[in-house]
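Contents: one structure, followed by commentary.
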Amino acid sequence: MRLRVLGCHGGESPSHRTSCFAIDEKLLLDAGSVTRSLSLIEQSNIDYIYLSHSHIDHVKGLPLLLDNVIANRNKPVTMIATAGTEAALSQHLFNGLLWPDFSKIPTCENPILRIRIITPREIFTLDGGFELLAIPVHHSIECHGIIVNTKSGAIAYTGDTGPTDEFWQVASSHPKLRAVICEVSFTNEMEKLAGLSGHLTPKMLANELTKFKPQNNTPIFITHMKPGLDDSLKAQLAELNDARIKILHLLDEINI
């Protein structure tokens, strides 16, 4: 499994891009910065986009990608989301006002966007050998982490989350887990804000990892650091003295 980091921050600047991870060139986990990080040819090769939740930093690249590839694909891009996330996007994004409804363009019979609504805690499969399992996490709105399993191994992605339990339980028990992508957004001094907004600090992460009991020494890749907090967060994460913790960087490529 090849993981490409197209965006790994909780905000945007010239040197920060929002959440988006590509797996084996066909599947995206969130779509915050896909059009900033992939060429037009690479964008046209994306078949599936899993959305953890409807916040703009995780979805804003999707409408732009659809607009870019509509003339270059002979099959739709499949958006994968829970019913709650799909409803939010239909009402507030693909509503004909903020952006056209690409599930009906260029025609209702042959749209560029196909929507697949999934049920949390139920395994579902995609062409290309992907097996996915969505797990509820605790954020300020409905949000689901995801476990992506392939023949070469599995990766778990928290999406946005504060303290949570089920995700770590399921990840711990997966026999093929090779990596976890976990958010840490705010510094320890901002714990109250992290709690109110459904995010983690390094100190909170340390507590979360006491719930994680994998079958091997699984690396923990850190994402979603807020712009301007990078140096402080890196220092506080280093103070945890946990060799599993590794900070993701924009355009990293990792073989799992």
Exercise for review: Please check if the side chain of S37 supplies one atom and the backbone of L6 the other of a donor-acceptor pair under 3.5 Å.
Suggested key: yes
Point to revise | R2 and E253 ion-paired at < 4.0 Å | key: yes
Review point. Do any N or O atoms from the side chain of E208 and from the backbone of T164 form a donor-acceptor pair under 3.5 angstrom?
Key: yes
Revision key, fill the gap. Nearest heavy-atom approach of C8 to L250 is SG-N, 3.7 Å
Check your understanding: Excluding sequence neighbours, so at least two apart, what forms side-chain contact (heavy atoms from CB on, under 4.5 Å) with S39?
Key -> I41, E42
Check your understanding: Once you round to the nearest 0.5 Å, how far does CD1 of I256 lie from CD1 of I155?
Key -> 3.5 Å
Exercise for review: Give the C-alpha distance, both sets of side-chain angles, the deciding distance and a yes or no for side-chain contact (heavy atoms from CB on, under 4.5 Å) between H224 and K226.
Suggested key: CA-CA 6 Å; H224 210 267; K226 293 292 185 178; 4.0 Å; yes
Practice item. Decide if the gap between the ring center of H53 and the ring center of H139 is smaller than 6.0 angstrom. Key: yes
Exercise for review: Determine, for K60 against D30, whether the closest basic-nitrogen to carboxylate-oxygen distance falls under 4.0 angstrom.
Suggested key: no
Review point. Out of curiosity, I105 CD1 to L113 CG, how far, rounded to the nearest 0.5 Å?
Key: 10.0 Å
Review point. Just checking, is any N or O donor in the side chain of T218 or R178 under 3.5 Å from an acceptor N or O on the other one?
Key: no
Point to revise | Pairing of D252 and R4 as salt bridge, 4.0 angstrom limit | key: no
Practice item. Spell out, as yes or no, whether a donor-acceptor pair under 3.5 Å connects the side chain of E183 to the backbone of M225. Key: no
Study note, to complete from the structure: Residues I117 and T82: closest non-hydrogen pair is CG2-C, 4.0 Å
**Study point:** T161 side chain to H138 side chain, donor-acceptor N/O pair below 3.5 angstrom
**Key:** no
Practice item. Tell me yes or no: between the side chains of E25 and N45, is some donor less than 3.5 Å from an acceptor? Key: no
Check your understanding: Would H55 and D160 count as having a side-chain donor-acceptor pair, cut-off 3.5 Å?
Key -> no
Distance-only donor-acceptor pairs under 3.5 Å for side chains of residues 118-130, two or more places apart:
from	atom 1	to	atom 2	distance (Å)
R121	NE	E166	OE1	3.3
R121	NE	E166	OE2	2.7
R121	NH2	E166	OE1	2.9

Exercise for review: Say whether E131 and T150, considering side chains only, have a donor N or O and an acceptor N or O under 3.5 Å apart.
Suggested key: no
Practice item. Taking all non-hydrogen atoms of both residues into account, name the closest pair between P63 and F94 and its distance. Key: CB-CE2, 4.0 Å
Practice item. Could you tell me whether R244 and D242 have a side-chain N and a carboxylate O separated by less than 4.0 Å? Key: yes
Practice item. With sequence neighbours left out, write down each residue that passes ring-ring contact (aromatic ring centres under 6.0 Å, His included) with Y157, or none if nothing qualifies. Key: F21
Review point. Under 3.5 Å, is there a donor-acceptor pair between the side chain of S33 and the main chain of T18?
Key: yes
Point to revise | Polar side-chain atom of N95 near backbone of L98 as donor-acceptor pair, under 3.5 Å | key: yes
Check your understanding: Taking the side chain from N72 and the backbone from S44, do they hold a donor-acceptor pair closer than 3.5 Å?
Key -> no
Review point. When you check the side-chain N and O atoms of R114 and T78, is any donor under 3.5 Å from an acceptor?
Key: yes
**Study point:** R116 side chain reached by E86 side chain, heavy atoms, under 4.5 Å
**Key:** no
